[in-house]
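Here's the structure, in structure tokens; my notes come after.
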Amino acid sequence: PSAGERWLPKKPLTVGVTSGSKRTFLGALSGALRDLARPTFWLPVLIVAAILTGAGRPWEGTMWMALRAATIAFALFVAVRWLDPVGFADWLRQRGHWGPAVAFGRALDGLQRTRR
């Protein structure tokens, strides 16, 4: 093999995306709503809200804090669920950035091996 072929991934990348599936914005929205419904998100918010209310902060300020936390978390959940790491590696390859594409592909491959 030539020097360039030696650094190419041996198999196609499949981390985060099942075969033939495409990450969609609506899928990311529904996943973010599911994440917001989890008690592991709301429990820390409720603990902070109880502490702030107990310290004398008015209810209105506490509710605005909870609303801001939910809004920021929702935006982050959508962004993270919408990301497509395999698509990003392909995008880098298509634009000729082979070095970063190979490094990112190897990182994804290592991540996939640690999950098994």
Side-chain angles (χ1 to χ4, degrees):
S2 69
E5 291 174 348
R6 192 174 13 175
W7 297 103
L8 293 176
K10 308 263 185 297
K11 58 184 176 182
L13 300 172
T14 58
V15 175
V17 178
T18 58
S19 62
S21 72
K22 192 81 171 155
R23 292 187 184 212
T24 63
F25 186 68
L26 289 177
L29 283 175
S30 66
L33 286 174
R34 254 191 332 269
D35 288 341
L36 276 182
R38 296 177 193 262
T40 55
F41 170 74
W42 288 106
L43 184 63
V45 172
L46 291 175
I47 290 171
V48 170
I51 291 171
L52 289 175
T53 304
R57 186 169 181 168
W59 276 99
E60 180 184 358
T62 304
M63 290 299 130
W64 278 113
M65 182 271 315
L67 180 66
R68 283 192 306 266
T71 304
I72 291 169
F74 179 73
L76 288 174
F77 290 156
V78 168
V80 168
R81 285 184 170 271
W82 200 19
L83 290 176
D84 180 14
V86 176
F88 180 65
D90 291 339
W91 181 81
L92 286 171
R93 274 190 208 93
Q94 289 172 356
R95 279 148 185 83
H97 302 291
W98 284 93
V102 169
F104 191 66
R106 286 185 179 171
L108 290 175
D109 193 38
L111 178 67
Q112 188 176 21
R113 270 190 249 131
T114 59
R115 286 186 178 177
R116 289 182 194 164

Trp42: ring pair (Phe, Tyr, Trp, His ring centres under 6.0 Å) partners, not counting sequence neighbours: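 With sequence neighbours excluded, Trp42 shows a ring pair (Phe, Tyr, Trp, His ring centres under 6.0 Å) to no residue whatsoever.
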Which heavy-atom pair separates [X] from [Y] by the least distance, and what is that distance?
{"X": "Ala101", "Y": "Arg93", "value": "CB-CG, 3.6 Å"}
{"X": "Thr40", "Y": "Pro44", "value": "O-CD, 3.3 Å"}
{"X": "Ala28", "Y": "Val78", "value": "CB-O, 3.7 Å"}
{"X": "Val45", "Y": "Met65", "value": "O-CE, 4.3 Å"}

For residues 50-70, which residue pairs pass the salt bridge (Lys or Arg N to Asp or Glu O under 4.0 Å) check, not counting sequence neighbours?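 Found none.
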Partners passing side-chain contact (heavy atoms from CB on, under 4.5 Å) against Leu67 (at least two apart in sequence or in another chain):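 Once residues adjacent in sequence are excluded, the partners of Leu67 under the side-chain contact (heavy atoms from CB on, under 4.5 Å) criterion are Trp64, Thr71.
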Mind checking what makes side-chain contact (heavy atoms from CB on, under 4.5 Å) contact with Ala73, not counting sequence neighbours?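 With neighbours one apart ignored, the set is Leu36, Phe41, Phe77.
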Do [X] and [Y] share a hydrophobic cluster, counting only Ile, Leu, Val, Met, Phe, Trp and Tyr and linking them when any side-chain heavy atoms are less than 4.5 Å apart?
{"X": "Leu83", "Y": "Leu29", "result": "no"}
{"X": "Leu33", "Y": "Leu26", "result": "yes"}
{"X": "Ile51", "Y": "Leu43", "result": "yes"}

Among pairs that include at least one residue of residues 72-82, which meet side-chain hydrogen bond (donor to acceptor under 3.5 Å, both in side chains), considering only residues two or more places apart or in two chains?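 Qualifying pairs: Asp35-Arg81.
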Start with the C-alpha distance between Arg106 and Asp109, add both sets of side-chain angles, then the distance that settles salt bridge (Lys or Arg N to Asp or Glu O under 4.0 Å), and finish with yes or no. CA-CA 5 Å; Arg106 286 185 179 171; Asp109 193 38; over 6 Å; no
My understanding is that only residues two or more places apart in sequence, or in another chain, count here; which of them pass side chain to side chain donor-acceptor pair (under 3.5 Å) with Thr53?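 For Thr53 the side chain to side chain donor-acceptor pair (under 3.5 Å) partners, ignoring immediate neighbours, are Thr62.
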